[in-house]
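For reference, the structure discussed in these notes is given below.
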Number of protein chains: 2
Amino acid sequence: MASIYDVAKLARVSTATVSAVANGQDKVEPRTRRRVLAAIKKLHYQPNLYARNLARGKTCLLGLIVSDIANPFFGEVTQSIRQEAQACGYELSLASTQFSGEDLVLAVKRMLGMRVTGLAIMTTEMTAEVLEILQASKTPAVFEDVGTVSETISNIRIDYDGGIFKAVRYLVDLGHRRILFVRTYPESTEQERPLLSISLRTQAFLKVVKQFESSRVEPEIVSYTGPGPKAGQLAIQKAFDERKEFTAAIAIADPVALGVLHGLHRRGLRIPEDISVVGFDNSYLCEYLHPPLTSVDIPRGRLGKMVVDCLISNIEGKHAGRELVLETNLVVRESATCLIETSRAHLGRSGKSLGRPLDLR
Amino acid sequence: MASIYDVAKLARVSTATVSAVANGQDKVEPRTRRRVLAAIKKLHYQPNLYARNLARGKTCLLGLIVSDIANPFFGEVTQSIRQEAQACGYELSLASTQFSGEDLVLAVKRMLGMRVTGLAIMTTEMTAEVLEILQASKTPAVFEDVGTVSETISNIRIDYDGGIFKAVRYLVDLGHRRILFVRTYPESTEQERPLLSISLRTQAFLKVVKQFESSRVEPEIVSYTGPGPKAGQLAIQKAFDERKEFTAAIAIADPVALGVLHGLHRRGLRIPEDISVVGFDNSYLCEYLHPPLTSVDIPRGRLGKMVVDCLISNIEGKHAGRELVLETNLVVRESATCLIETSRAHLGRSGKSLGRPLDLR
DNA sequence: TCACCGTGGCGAGCATTTACGACGTCGCGA
DNA sequence: TCGCGACGTCGTAAATGCTCGCCACGGTGA
């Protein structure tokens, strides 16, 4: 590949001039500029980014680490972050950890090696080592859902409580009292390590249910390990095997909801007549499922913008160490309906009454 | 961030020694090594990748450009490529074009600026400029579905013909004669520019149908522009509006099939009893749809491995300029069934006979 | 004639790697 | 015991491609 010297020689100017032209500075005479441009085109010159960044001493590079790019949710968020970053004059470098703590450390080190000017970490896993490295490097960073903030680190908290509250209230208003929370863990998880978003969502569910104590809401939880849909299906099966009673289910994420729906269908249950289902993420497919899935929406576009804005203000040293909150909303579709007594039959369980349905106003 | 000088000073050695230690060379005395290691740890030293790559004159970096990372299919392929690359000692840099030709050019230039040692381009769009730049730079590359190969460029051709042949034969064996091909274009498409995978798949359909001439198969095609599922739904609506007759539909991609299914449901049609549907990509959700979607599978894992293998052999200069073929397979699930006369009624069209169903053996 | 401005060259970094060479130590043979 | 060569260890310096501050040069206007 041609270097700046080759271009300089061909255009009979110094490398400084080539550099000026390549960077669009206007202090070059038009005639000279044209000569240089011609040489650049002829040699298909592309400035070596390594040399450039080294010389400039800054990179205009943002890093993003996610748990799994194959997950459409992260795909969409990545997309939005990339656009937002580009609009602000930054490039984006992407890494994926496959839910592995070691891979996270590796990815962070690599990002620091690239001297990213800011780093966003949106993973379900997190380790003390990462925190330490990040603190030491003083690289501006943004976490998602990790509680910690510091001088250079901000945190974006997704308001799971709010979203789940809306979902539960909706279900309660529909008359549901026995609500199943379906939780899944990615396969490669070492169980002892807490997985942020998962435990946060679970805690939110438990906390919210407590708020509905007076309505006698009874929570149930099933867990299963594996890739989303499959684990969802198996989890719902397990719930039946364990004779859990429920008239509505909240899935921890949409892919999981997909499996739940499938498991329910396979069992001959109708949705929403027999069981109501609510998802989480409001992914693009919700609308096209059968029935269309009611789901808690995490606004990706807003998230992306928030991440980049936050990162940039951290970089510029103002407002660092904040905790921002991203609101969530329930998007109602057709996968939940009001509880009717007949539905009990389909569960094939004791006819024990759940109390009369609430006034649905 | 600490530089190699800081480490050298703290460990009272030269930078060359630090370099040797950091790169795991064994020509350093254990005592010295320990001192250096301690200094590295203390300062949280991370070698500057820009300086390193510049000095080394090579990058061990593979580039990957896709049309849309938010698309789960690309997400999964990316994942598999990344793993494969890592196994071969390469890093992966990712870019996404949003189906824009200009973005493609930008992305390619950026990759060349990073001096990737190999570049994989898996986009539906392609321009002559990209070809020219790539040829000139002599960077080893792999395309997907672009026909061209050259001294440094290989091509992986996905065997759409084979996959669609299997799909059509399957449908024909089930008695279907009027088959609708549902095609969608991404929004930002300038229509005049040919979109590779889309036109390839369409051509494959037409070619295959011709092979079934003797069975009196009659093809129909609808197109719509927009994001997959939505466009699929609208396309199927349009097909009815235009009074196209069909008993089975093949969607150009799974997200599109999702929309087709949805549109059909909304119209009160049952699947597969009234209309059979076949998707394309065999994405993870097929299995969990209602009904589970029969789809043509493009093996992602194999694709990833193929891309990396091909790239590496191009880099090593052997077997460059090849065209490889990736086979595709029909994964049969429950969204298609044999044609029964009653289904005609649901279309509300003329009772014109389609001839007797084939022997289904 | 002088000051100033527009233009473009010069050279010093930027952080790292690597070839090469210096230095010291050790062993072995005379 | 001395000397020489080999080897292990580490430092020196050049090289990588580019940017940017500074300066020189020539032309223009006052």
Expressed as a whole number of angstroms, how long is the span from A:Leu43:CG to D:dG17:P?
14 Å
Can you tell me if B:Glu91 and B:Ser93 form a side-chain donor-acceptor pair at under 3.5 Å?
no
Distance, rounded to the nearest Å, where A:Arg33 contributes CZ and C:dT7 contributes P
10 Å
Once you round it to whole Å, what is the distance between C1' of C:dA15 and NZ of A:Lys58?
18 Å
Quick check against the 3.5 Å criterion: does B:Tyr50 have a side-chain atom that pairs as donor or acceptor with the backbone of A:Ala51?
no
Whole angstrom is fine here: how far is it from CD1 in A:Ile40 over to C1' in D:dC18?
13 Å
Which of D:dT19, C:dT16, D:dC10 is nearest the side chain of A:Arg56? It is D:dT19
N/O (side chain, B:Thr17) to phosphate O (OP1/OP2, D:dT9) under 4.0 Å
no
Below the 4.0 Å mark, does D:dT19 have OP1 or OP2 next to a side-chain nitrogen or oxygen of A:Ser19?
yes
The residue among A:Arg322, A:Glu144, A:Glu323 that forms side chain to side chain contact (heavy atoms under 4.5 Å, CB included) with A:Asn155 is A:Glu323
Quick one: pull up OG1 in A:Thr17 and CD in A:Glu29 and give me the separation to the nearest 0.5 Å.
11.0 Å
Which comes earlier along DNA chain C counting from the 5' end, the contact point of A:Glu29 or that of A:Tyr5, where each point is its nearest nucleotide?
A:Glu29
Looking at side-chain heavy atoms only, is the closest gap between A:Ile69 and B:Arg82 below 4.5 Å?
yes
B:Gln25 CD - C:dC20 P separation (whole Å)
15 Å
Between C:dT16, D:dC20, C:dG9, which nucleotide has the shortest distance from any of its atoms to the side chain of A:Val13?
C:dG9
If only side-chain N and O atoms of B:Ser14 are considered, is one of them under 4.0 Å from the OP1 or OP2 phosphate oxygen of D:dG11?
yes
OP1 or OP2 of C:dC14 less than 4.0 angstrom from a side-chain nitrogen or oxygen of B:Asn48, does that happen here?
no
Looking at every strand, decide which applies to B:Val18 at a 4.0 Å heavy-atom threshold: base, sugar-phosphate, or nothing.
nothing
How would you label the contact of B:Asn53 with the nucleic acid (heavy atoms, under 4.0 Å): base, sugar-phosphate, or nothing?
nothing
note: B:Asp6, atom CG; C:dT16, atom C1'; distance rounded to Å ~ 13 Å
Mapping B:Lys27 and B:Ala51 to their closest nucleotides on DNA chain C, which lands nearer the 5' end?
B:Ala51
Check: B:Met122 and B:Ile65 side chains under 4.5 Å, non-hydrogen atoms:
no
Go through D:dC18, D:dG17, D:dT9 for me and flag the one nearest to the A:Ile4 side chain.
D:dC18
Select base, sugar-phosphate, or nothing to describe what B:Tyr50 touches, counting heavy atoms under 4.0 Å on all strands.
nothing
Nucleotide nearest A:Ala55 when distance is taken to its side chain, options C:dG13, C:dT7, D:dC10:
C:dG13
Among C:dC14, D:dG11, D:dC20, the one nearest B:Ala16 by side-chain distance
D:dG11
Distance check needed: C:dA15 P versus A:Arg52 CZ, whole Å only.
18 Å
Quick check on DNA chain D: between B:Val28 and A:Ala2, whose nearest nucleotide comes earlier from the 5' end?
B:Val28
B:Leu49 has an atom CG; how far is it from atom C1' of D:dG17, in whole Å?
17 Å
Would you say B:Thr15 places a side-chain N or O within less than 4.0 Å of OP1 or OP2 belonging to D:dG11?
no
Closest approach to the side chain of B:Pro47, judged atom by atom: which nucleotide of D:dG11, C:dT16, C:dG13 is it?
C:dT16
From C:dT7, D:dG17, C:dA15, pick the nucleotide closest to the side chain of B:Ser3?
C:dA15
